[in-house]
Asks: 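Take this structure, written in structure tokens, and hold onto it; I'll ask about it next.
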Protein chains: 2
Amino acid sequence: MKRLAILGSTGSIGQSTLSIVEQFPERYQVATLAAGRNIDEVFAQSVRWRPRLVSLATEELAAQLQARLHESGITGIEVVHGTAGTVVCSTRADVDFVVSAIVGVSGLEATHAAILAGKPVGLANKECMVAAGEILTAAARKHQVPILPIDSEHNAVHQCLRVGTHAEVKTIWLTASGGPFRQLPIDQFKSITPEQALKHPTWVMGRRITIDSATMLNKGLEVIEACRLFDVPPSQVRVTVHPQSTVHSMVEYIDGSILAQISVTDMRLPILYALAWPERPASSLTFDLAALRHLDFEQPDMERFPCLRLAFEAAAKGGTHCIALNAADEVAVEAFLERRIPFTGIADTIEKVLASTPEAHPATIAEVLAADREARLIAHALLA
Amino acid sequence: MKRLAILGSTGSIGQSTLSIVEQFPERYQVATLAAGRNIDEVFAQSVRWRPRLVSLATEELAAQLQARLHESGITGIEVVHGTAGTVVCSTRADVDFVVSAIVGVSGLEATHAAILAGKPVGLANKECMVAAGEILTAAARKHQVPILPIDSEHNAVHQCLRVGTHAEVKTIWLTASGGPFRQLPIDQFKSITPEQALKHPTWVMGRRITIDSATMLNKGLEVIEACRLFDVPPSQVRVTVHPQSTVHSMVEYIDGSILAQISVTDMRLPILYALAWPERPASSLTFDLAALRHLDFEQPDMERFPCLRLAFEAAAKGGTHCIALNAADEVAVEAFLERRIPFTGIADTIEKVLASTPEAHPATIAEVLAADREARLIAHALLA
């Protein structure tokens, strides 16, 4: 029985994780939940799953939840709050596995703390790896803690990497749907609206990640994530556009064999993989291979998707440049969604922020967070 | 340094194996060679590779080779002949790895003897597995001898199986090019000529295997081979038609993940994999993934390809039915190539031979060979 800490329990990954717990009650139980502000959902989850500890964003929200639990006659659930609360969630002695699915850098400290406490981590939060991957992977190596990627691409790579050694890997090929503008004439990119950009062809996801898919910055973040997770330089990571999102990624070996992972586009599959690794429990998440007809691939167009080029450049520099890439993008996407800048302004903003970012390699989470704040300040100033 | 026995050294797999030895002189050397009647080629190979022992089909050929070696002043090469000679080739103390690539059942005894002698085997001869797979795999398990498949499909499966346990495998998916008649109207099958059937769309191979590709009997033999090699029932093996022969096969796991292997269509790759396993040496056999555009799949049409249906039926019965399937096909293909029966007569002959074959499970190689002879007699009688 694995007792789980679910960081980001009310988000899409958190809810999918709970649906896996529901399907495999003999394998998993919920030890702790960390969420932000969605108190109704956290209350329902607490009633259903009876965790030992719940953490919310603020002291006020924590008090509200405590009151509601008390009113309902539910006892035995400790309620805490803030970053410190999330850290308690991820490090308690009764936690066997941490699902890190808080969006953005706010899950960073709790994820780092979990690794230091020797807890295996299922990582759905790519910003953690992009901003602090060097620190997290060094800690994971030191404490011999496995980090299981919950991104569908990195999860696919993790599977394909079981077929050879690290030294035998030639190239990690991340597949990309190419987003909704793969075939849009390039002169129309300036006039793309938020409504158009929020329509993703294959995955239903949050707003920022959907826009990041449309700019392919998301794939760029995944390139950086792959470099950190799998300890390879960016020259060993390539992107191929695969509109059907059926092949989730591939690994090319030095002997010439390429291994590819195929499955349904359902995040419960990588979550189950991460939770159960190295085992594979039987699931109903079946891909109908008999119905498969075509798989298409094409090379990504770096002119159409400058964010992807910027990400490869940031990956090569590492440290503050990866942090700034992620932070500047978050600020720029917000500005785009508020119609303050055009679609093409996202890449422009990132490029300018990167140009103003000194190269450095933060050695602590505090330094990472400082570099993140600094990049956001530069981005906000540029967009003001 | 692995010292190789190459059974079938003058055939296509044998020659490809020697080209791998040429490329990796620090890894492999030739200990013994077994061939049939191509004395010029065996002589050239002996001069080039200086094996300790060479075996030829007959005493007369062996004497000829000995004389030519003597004339050329080459000493230190023992020359033997016949089945006994091939067995010596595959079992000598100075052999570390046996490449079993003699076409047909004639390589069977030497392959069995190699396993009994504890030699790891790279198996390119699918008839061995079809006719005597139950005996060979039982011996391999008992003596803890790895059998590494050199068929591109089974080699792909072997790779994909490294990503989970045997109990986690749901279905082995063998890909098939579909041969040249995948889209031919079914009423024209009767008038297919040997010339048409000998044109394979993606692989250059021997005559029988090319015809077997056109009838898809070859894929049927591979289904049986997969059942034996990977210890699964035929219900866990499926075939998908994939005209590009780029995905060499796939394994579907019970959790929903499917692993696929992609590579160039070059037999040197599975040979290298088998020789080097569990390592992967760097090779120049690179697949250009950046140039990949489309992969197509379709379901095999059992009406168009009755041989495939017959193979699944034989796989379910095992034993003599698998032996008879292979033997009857070899006789029928010969008759087709000699224009004695139409293309559709191949399946008809096999079906009739199977109907006349009693179900039994030979326990020895001698019994296997007897069942093989019996099936050939029935087939010849039918075609007389």
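For clarity, every value in this text was computed on a predicted model and none was experimentally measured. Labels below follow one simple rule: chain letters A, B, ... track the order of the sequence lines, proteins then strands, and each chain is numbered from 1.
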Asks: Are more than 12 heavy atoms from other residues, nucleotides or ligands located less than 6.0 Å from atom CD of A/Glu26?
Replies: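 Correct, the count exceeds 12.
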Asks: Say you draw a straight line from CG of B/Leu285 to CD1 of A/Ile254; how long is it, rounded to the nearest 0.5 Å?
Replies: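 With rounding to 0.5 Å, CG (B/Leu285) is 12.0 Å from CD1 (A/Ile254).
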Asks: May I ask you to test the B/Ile258-A/Leu289 pair for a side-chain heavy-atom distance under 4.5 Å?
Replies: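 They are in side-chain contact.
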Asks: Between A/Arg280 and B/Glu168, what is the shortest heavy-atom contact and its length?
Replies: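 Heavy atoms only, the tightest pair is N-OE2, 3.0 Å.
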Asks: Tell me which of these, B/Asp296, B/Thr171, B/Thr240, has more heavy-atom pairs under 4.5 Å with chain A than the rest.
Replies: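 Most heavy-atom pairs under 4.5 Å with chain A: B/Asp296.
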Asks: Between A/Arg293, A/Gln299, A/His294, who has the most heavy-atom pairs with chain B when the cutoff is under 4.5 Å?
Replies: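 Among A/Arg293, A/Gln299, A/His294, the one with the most close pairs to chain B is A/Arg293.
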Asks: What part of A/Leu292 lies closer than 4.5 angstrom to a heavy atom of chain B: side chain, backbone, both or neither?
Replies: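 A/Leu292 touches chain B through backbone and side-chain heavy atoms alike.
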Asks: Do you know which two heavy atoms are closest between A/Ala290 and B/Arg238, and how far apart they sit?
Replies: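 For A/Ala290 and B/Arg238, the tightest heavy-atom pair comes out as CB-NH2, 3.5 Å.
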Asks: Side chain, backbone, both or neither: which part of B/Glu252 has an atom under 4.5 Å from a heavy atom of chain A?
Replies: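 Only the side chain of B/Glu252 comes within 4.5 Å of chain A.
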Asks: How long is the straight-line distance from CG of B/Asn155 back to OG of A/Ser257, given to the nearest 0.5 Å?
Replies: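 Nearest 0.5 Å value for the OG-CG distance: 6.5 Å.
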Asks: Please classify the contact of B/Thr165 with chain A as side chain, backbone, both or neither, using a heavy-atom distance under 4.5 Å.
Replies: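 Neither part.
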Asks: Select one option (side chain, backbone, both, neither) describing which atoms of B/Tyr253 are under 4.5 Å from chain A's heavy atoms.
Replies: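 Contact with chain A: side chain only.
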Asks: Specify which of B/Ala260, B/Gly256, B/Ser263, B/Ala167 makes the most heavy-atom pairs with chain A at under 4.5 Å.
Replies: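 Counting heavy-atom pairs under 4.5 Å, the top option is B/Ala260.
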Asks: Between B/Leu259 and A/Cys160, is any pair of side-chain heavy atoms under 4.5 Å apart?
Replies: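 Result yes, sub-4.5 Å side-chain heavy-atom pair found.
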